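This structure is a prediction, so every number in the text was calculated from the model and none was measured. The chains referred to below are lettered A, B, ... by the order of the sequence lines, with proteins before strands, and numbering in each begins at 1.
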Number of protein chains: 2
Amino acid sequence: MMTEQINVQLAATQREKPDQTNLGFGRIFTDHMFMMDYTEGKGWHDPRIVPYQPITLAPSAMIFHYGQTVFEGMKAYLTEDKRVFLFRPEKNMERLNRSNNRLCIPQIDGEFAIEALKKLIEVDQEWIPTAEGTSLYIRPFIIATEPFLGVAPAKNYTFMIIMSPVGLYYKEGIAPVKILVENDFARTVKGGTGEAKTAGNYASSLKAQEIASEKEYSQVLWLDGVEKKYIEEVGSMNVFFKIDGEVVTPALNGSILHGVTRDSVIQLLKHWNIPVSERRLSMEEVAEAHRDGKLEEAFGTGTAAVISPIGEFFWEEEKMVLNNGKTGELSKKLYDTITGIQYGTIEDPFNWVIEVPIASSK
Amino acid sequence: MMTEQINVQLAATQREKPDQTNLGFGRIFTDHMFMMDYTEGKGWHDPRIVPYQPITLAPSAMIFHYGQTVFEGMKAYLTEDKRVFLFRPEKNMERLNRSNNRLCIPQIDGEFAIEALKKLIEVDQEWIPTAEGTSLYIRPFIIATEPFLGVAPAKNYTFMIIMSPVGLYYKEGIAPVKILVENDFARTVKGGTGEAKTAGNYASSLKAQEIASEKEYSQVLWLDGVEKKYIEEVGSMNVFFKIDGEVVTPALNGSILHGVTRDSVIQLLKHWNIPVSERRLSMEEVAEAHRDGKLEEAFGTGTAAVISPIGEFFWEEEKMVLNNGKTGELSKKLYDTITGIQYGTIEDPFNWVIEVPIASSK
Ligand SMILES: Cc1ncc(COP(=O)(O)O)c(C=O)c1O
Ligand SMILES: Cc1ncc(COP(=O)(O)O)c(C=O)c1O
């Protein structure tokens, strides 16, 4: 593991903490952030915790032109007895490195990054919100900083971690959303960057999302870019369907993100002896199951919303209402179990949570 | 047209001009840059020319996370009699706005942007290099600046123009390159962002490019993302083939950039009564033409290199050497004609060039 000391420079003053009943998502940031630079020939260096502040880059910095960047999304949770938990952070760091590989960005030391994150959380521990359903959203990301207008992997990068106290992703808590199946636009394709968590995938999704919103659908269901038949993801979530007692989710085919929540759901289902399969799944199959009354539930999975039950699909001319537009039983059970493990209110049979050691402070 | 006055703040000192025999590409920038901001509800505002300097953004600025950005690439040329030419700049601004549309970025006033560019060039006129084959590369770009970790179009943007004196793209001048046909990775796909000039397309191309470089190929030929059969582009260029007397280039199908050089080449060929067609073209057809001795020439087209003759393709197991690895006659003629028009040494029958009025200065 990287052994360089993390330099800590504390903010002179602490900003006021936000109103916990109205946190929203991703607009408020804590007092500090973690940074570390990469220089070709030297590797990653100068890990440091500094006051949260603007960053300064050359207008020619490659991030602005060629999008060489990756990111992660994870959360810290405060338990009732004031312990701080992370949920499977090693999975995020593994995925960050897989994304790095696809984007030609140098690997980071995942263990070291988790140590850095723990330290950052300790420094900003008072920013972890305590109200029900709130958490501290964590955004590690890497950007290419070399000032060069050439299409090639950069020689310089900065790795950063910023943190934002967040409320429930959907204000209403767990409530079914309406999904539009997208037939025209593609988010990514086989051989593309779909498996990586990189900016371009999200940029390319905006247009379809905008159109869906105008039609009052909250998210888009993405079909595969090749045949426009097979289900990939829903918005920025993986997606599951309960069909005739069996839970099905699209197999990881190269253009789907390896969701941490997805993996956790699969493990839980197996633990509960509920049949679950990862396989190719067409929208036609789902629609047929719905026509036959066999589509029992559907839900998206992701760090932000955990489990997002789906109340309705619209595909071509067909509107499919699921479970009378109500949250399904399994969706609810998964939500309660995963959030229960995350907040330490129920047993964690998988050793998913990691406690962040917090020196009892001020 | 937007009528707001462009505020000009000159640099206190002028940096030393670079050695013109060793300019490279995209590493040196002029003394000034153009900036203009967008705020939701207010539109584009505060157009200004300021000293070239780093920009400062929140670490949560959306450009770093969700890649909402577009750019352009164009050049200014100094003629022998010291006039400054732009080549079809209105095409670049049209394309920028098409890219904006795909990326959910507000439209800019293209005419105003050209006026701003002319003013910027005037301010930095001494930066236009004079050595043969050199030019001033111009990079307009727009980035989403809103500090928000949410996947949605931003409410704030900055439009910038930076400029870099550049040498010949290939040091050797016009010389044939070796191309690897890419079978695994995809740059983009139908319904994706391929038609837009946006960062993510370039990020996703890096990996294939890296592998090609290791094998000593200078660029990748991209096949369509759906069937992996049809030719799309070569590296960051459009591509043309001369087959049995006819010039063929892939039709604009939604995933190919509308290259300005591509369009100019097509117009020139028509002007010369050389048969040219824009259509779907498979790699198999090209390989067959080669096997039959009918593949006479191939070349890439783009602002940076103008015409880049192709000396060799490698596809699956097949190596195709063209024209004995030498620059073809048509490639050379197109290169000479387009650069001749750009530098004002030959007649411009299409009114492609626009003169930048330069108040005779110091
Ligand atoms: C495209 C995409 N798919 C799926 C997910 C779900 O992944 P995870 O469960 O790790 O949050 C996310 C969000 O993180 C995502 O951005
Ligand atoms: C992907 C891509 N294709 C084609 C081109 C050529 O376009 P143009 O001739 O307008 O420079 C470029 C470069 O500008 C490009 O980036």
Participant: Distance from B/Met160 atom CE to A/Ser60 atom OG, nearest 0.5 Å?
Facilitator: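 That separation rounds to 9.5 Å.
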
Participant: Given the options A/Ile55, A/Thr56, A/Thr198, A/Leu103, which has more heavy-atom pairs under 4.5 Å with chain B than any of the others?
Facilitator: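 Option with the top pair count is A/Ile55.
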
Participant: Relative to chain A, which of B/Gly192, B/Gly150, B/Ala61, B/Gly191 shows the most heavy atom pairs under 4.5 Å?
Facilitator: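 Sorted descending by pairs with chain A, the first entry is B/Gly191.
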
Participant: Can you check whether anything in residues 32-39 of chain B gets within less than 4.5 Å of chain A, heavy-atom wise, and list it by number?
Facilitator: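 The list, in residue order, reads B/Met33.
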
Participant: What part of A/Phe29 gets closer than 4.5 Å to chain B, counting heavy atoms only: side chain, backbone, both or neither?
Facilitator: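 It is the side chain, since no backbone atom gets that close.
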
Participant: Has A/Lys190 got more than 12 heavy atoms of other residues, nucleotides or ligands less than 6.0 Å from its NZ?
Facilitator: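 Open: at most 12 neighbouring heavy atoms sit under 6.0 Å from NZ of A/Lys190.
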
Participant: Can you find a heavy atom in the side chain of A/Leu206 that is under 4.5 Å from one in the side chain of B/Gln68?
Facilitator: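 In short, these two side chains touch, coming nearer than 4.5 Å.
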
Participant: Under a 4.5 Å cutoff for heavy-atom pairs, which residue among A/Asn183, A/Val189, A/Asn201 has the most contacts with chain B?
Facilitator: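 It is A/Val189.
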
Participant: For A/Glu216, is the CD atom crowded, meaning more than 12 foreign heavy atoms sit under 6.0 Å from it?
Facilitator: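 Counting other residues, nucleotides and ligands, CD of A/Glu216 stays at 12 neighbours or fewer.
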
Participant: Sort A/Ser236 into side chain, backbone, both or neither according to what part of it lies under 4.5 angstrom from a heavy atom of chain B.
Facilitator: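 Side chain of A/Ser236 only, per the 4.5 Å heavy-atom cut-off to chain B.
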
Participant: Please flag which part of A/Pro147 lies under 4.5 Å from any non-hydrogen atom of chain B: side chain, backbone, both or neither.
Facilitator: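 For A/Pro147, the contact with chain B is made by the backbone alone.
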
Participant: Shorter than 4.5 Å, heavy atoms on both sides: which option in A/Gly200, A/Ala196, A/Gly67 has the most such pairs with chain B?
Facilitator: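 Of the candidates given, the most pairs with chain B belong to A/Gly67.
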
Participant: Under 4.5 Å, counting heavy-atom pairs only, tell me which of B/Pro59, B/Ser204, B/Gly26, B/Ala58 racks up the most with chain A.
Facilitator: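 The answer is B/Pro59.
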
Participant: Determine the option with the most heavy-atom pairs under 4.5 angstrom with chain A, choosing from B/Val70, B/Val166, B/Leu149.
Facilitator: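 Ranked by heavy-atom pairs under 4.5 Å with chain A, first place is B/Leu149.
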
Participant: Examine distances only and state if a side-chain atom of B/Lys207 and a backbone atom of A/Asn101 form a donor-acceptor pair shorter than 3.5 Å.
Facilitator: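 Answer holds: yes.
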
Participant: Below 4.5 Å, heavy atoms only, C-beta onward: do A/Pro153 and B/Glu210 meet side chain to side chain?
Facilitator: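 Result yes, sub-4.5 Å side-chain heavy-atom pair found.
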
Participant: I'd like to know whether A/Phe148 forms a ring pair (Phe, Tyr, Trp, His ring centres under 6.0 Å) with B/Phe25, so could you lay out the CA-CA distance, the side-chain angles of the two residues, the decisive distance to 0.1 Å, and finally the verdict.
Facilitator: CA-CA 8 Å; A/Phe148 175 41; B/Phe25 199 97; 8.2 Å; no

Participant: What part of A/Ile143 lies closer than 4.5 angstrom to a heavy atom of chain B: side chain, backbone, both or neither?
Facilitator: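 For A/Ile143, side-chain heavy atoms alone lie under 4.5 Å from chain B.
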
Participant: Contact part of A/Gln53 toward chain B, heavy-atom cut-off under 4.5 Å: side chain, backbone, both or neither?
Facilitator: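 When you check distances to chain B, only backbone atoms of A/Gln53 fall under 4.5 Å.
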
Participant: Name the region of A/Ser205, side chain, backbone, both or neither, that has any atom closer than 4.5 Å to a heavy atom of chain B.
Facilitator: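 Contact with chain B is through the side chain of A/Ser205 alone.
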
Participant: Is it the backbone or the side chain of A/Ala152 that comes under 4.5 Å from a heavy atom of chain B, or both, or neither?
Facilitator: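 Backbone only.
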
Participant: May I ask you to name which of B/Ile142, B/Thr193, B/Thr158, B/Ile162 has the most heavy-atom pairs under 4.5 Å with chain A?
Facilitator: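 Among B/Ile142, B/Thr193, B/Thr158, B/Ile162, the one with the most close pairs to chain A is B/Ile162.
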
Participant: Do A/Arg102 and B/Phe185 touch side chain to side chain, with heavy atoms closer than 4.5 Å?
Facilitator: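 Contact flag for A/Arg102/B/Phe185 side chains = yes.
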
Participant: Yes or no on ring pair (Phe, Tyr, Trp, His ring centres under 6.0 Å) for B/His65 and A/Tyr202, after CA distance, side-chain angles and deciding distance?
Facilitator: CA-CA 8 Å; B/His65 304 273; A/Tyr202 300 83; over 10 Å; no

Participant: Within the structure provided, determine whether A/Thr69 and B/Phe64 are in side-chain contact (heavy-atom separation under 4.5 Å).
Facilitator: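 No, too far: nothing below the 4.5 Å cut-off.
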
